[in-house]
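Notes to accompany the following structure.
The first residue of the sequence shown is numbered 1, and numbering continues consecutively from there. FYI, side chains are in, hydrogens and waters are out, and symmetry mates aren't considered; it's all heavy atoms of this structure. Every number for a ligand or one of its atoms is a count from 1 in the order of the listing.
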Amino acid sequence: MSKIARRKFIQLSAVAAAGCFVQPGREARAADMPHLTEDDPMAKAMKYTHDFSTVDPATRTNPAEEQHCANCALVQGNDGEEWRPCQIFPGKLVNADGWCSVWAPKA
Ligand code: SF4
C-alpha cells in the first residue's frame, strides 16, 4: 500500500469510527428533548392535544377517520415510542396519541 493510499485509508477509518460514536449521541439528544406542552403558543396555534380522542372529528379539516401523531406523515422517530419528534415542532416531542390541525396521512 502506498503512503498516500495508507493515509487515505487511515482518514476514512477515522471518519467511519467517528460515525459510530455520532449516531448514539443523536438518539440520546432526541430522547432528551422536552415534551411539547398543550399551552405552548405554537401548540395552541396548531390546536395540538396529547389525546386525539378529545378532538371532535367535525372540527377537523382533513376527513380521514383515524388521525393521531403515530399515523401522521410528519412524525419522526420509531414506531411504538410514546413520545416522538415531529417536523412541525422542532426540538420538542409529541405524544403518539396526540393530534394537531396539520395532521397529514402517510403516503
Ligand atoms: Fe402530531 Fe402530525 Fe401534528 Fe406532528 S404534525 S403534532 S405528528 S398530528
In terms of side-chain geometry, is the basic nitrogen of Asp40 or Lys92 positioned less than 4.0 Å from the acidic oxygen of its partner?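 Judged by the 4.0 Å cut-off on N to carboxylate O distance, Asp40 and Lys92 do form a salt bridge.
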Using a 4.0 Å cutoff against the non-hydrogen atoms of [X], which atoms of ligand 1 qualify?
X: Cys72; answer: 2 (Fe), 5 (S), 7 (S), 8 (S)
X: Leu74; answer: 5 (S)
X: Trp103; answer: 8 (S)
X: Ile88; answer: 5 (S)

Which protein non-hydrogen atom lies closest to [atom], naming both residue and atom, and how far is it?
atom: atom 6 (S) of ligand 1; result: Phe89 CE1, 3.5 Å
atom: atom 3 (Fe) of ligand 1; result: Cys100 SG, 2.3 Å
atom: atom 1 (Fe) of ligand 1; result: Cys69 SG, 2.3 Å

Test side-chain contact (heavy atoms from CB on, under 4.5 Å) applied to Lys44 and Asp39, step by step: CA-CA 6 Å; Lys44 281 185 169 179; Asp39 60 356; 4.2 Å; yes
Is Met46 reachable from Trp103 through a run of I, L, V, M, F, W or Y residues, each pair having side-chain heavy atoms under 4.5 Å apart?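 No, no single cluster joins them.
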Go through the side-chain N and O atoms of Thr49 and Asp51 and say whether any donor and acceptor fall under 3.5 Å apart.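 Distance-only check fails for Thr49 and Asp51.
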Looking only at side chains, do Trp99 and Gln67 share a donor and an acceptor under 3.5 Å apart? yes
I'd like to know if the side chain of Arg84 reaches the main chain of Val75, judged simply by a donor and an acceptor atom lying under 3.5 Å from each other, with no hydrogens or angles considered.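 A pair under 3.5 Å: no.
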Applying a 4.0 Å heavy-atom criterion (strictly less than), which segment of Cys86 is in contact with ligand 1: side chain, backbone, both, or neither?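 The answer is the side chain of Cys86.
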